[in-house]
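Take a look at the structure below.
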Amino acid sequence: ASRVVDAASAPAALRLTDVVEWAAQAAAPAGTSSGFRFVQLPVGPDAPEAYAERTERGGRTFLRAARDLGIAVVGSKSLGLTRARRRRAAPGATAAAHACPDDAAYRDAIADPGARKLHLARSVPGLTTALVGHKTPDHVAANLALTTLAPLAPAAFADALAHCPQPPVAWS
């Protein structure tokens, strides 16, 4: 039997494991797979919830649950906060996050602050890809230059996050 979730009684945040179960239940009467293979959500230095908060069953992060379920995760908002989220951020946090990470070695390797944030976002363990928009040819050139660098290894990713305003408590 399929399960319909009433929006009025749904939790504020849905667990990926529940959504995958509901999709499978909805597809079961037809005898087919749900086809649920991708999910997109904000992921990056300014939106660490997917790798920082253990919201899934078994105390897993969203990205860990997605990996365990065979779901590819596409990160959006890779370069920053939305205007609404900036208004809710602690005073000064937005300015600090813009330069994140800002240790000397990382700054020497990638001079552009936006490119540093994108490189960090594309290095999130478990993230399939990080989406980014471009306003100018200079932005395209700066971001394409990142393709010459391998994503950060998990330990280097954790170290880079230590130079951000609110390092996550867990990312595995």
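Because the structure is a prediction, the values reported are computed rather than measured.
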- line: In terms of heavy-atom contacts, A121 and L127 come closest through O-CD2, 3.2 Å
Show me the donor-acceptor pairs, under 3.5 Å and distance only, between side chains in residues 32-42 and residues at least two apart or in other chains.
{"unit_1": "S33", "atom_1": "OG", "unit_2": "G35", "atom_2": "N", "d": "3.2"}
{"unit_1": "S33", "atom_1": "OG", "unit_2": "R37", "atom_2": "NH2", "d": "3.4"}
{"unit_1": "S34", "atom_1": "OG", "unit_2": "F36", "atom_2": "N", "d": "3.2"}

- request: Answer yes or no: is there a donor N or O on one side and an acceptor on the other, between the side chain of E56 and the main chain of R64, under 3.5 Å?
  value: no
statement: Residues R15 and T55: closest non-hydrogen pair is NE-O, 3.0 Å
message: Show the nearest heavy-atom pair for residues A142 and A115, with the distance to one decimal.
response: O-CB, 4.3 Å
- prompt: Can any side-chain N or O of S78 pair as donor or acceptor with the backbone N or O of L131 at less than 3.5 Å?
  reply: yes
- prompt: Do the side chains of L14 and F62 join up, straight or via other hydrophobic residues, at under 4.5 Å, putting them in one cluster?
  reply: yes
field: Shared hydrophobic cluster for L118 and L149 (ILVMFWY, side-chain gaps under 4.5 Å)
entry: yes
task: Return yes if some donor-acceptor pair links the side-chain N/O of T128 with the main-chain N/O of V73 below 3.5 Å, else return no.
output: yes
query: Quick one: side chain to side chain contact (heavy atoms under 4.5 Å, CB included) partners of A28, sequence neighbours excluded?
result: none
- line: Closest non-hydrogen contact found for L152 with A160 is CD1-CB, 4.1 Å
- request: Please name the pair of heavy atoms, one in G126 and one in L63, separated by the smallest distance, quoted to 0.1 Å.
  value: O-CD2, 4.0 Å
message: So L120 and K117, do their side chains get closer than 4.5 Å, heavy atoms only?
response: no
task: Write down the atom of R122, the atom of T147, and the distance for their closest heavy-atom approach.
output: NH2-CA, 4.4 Å
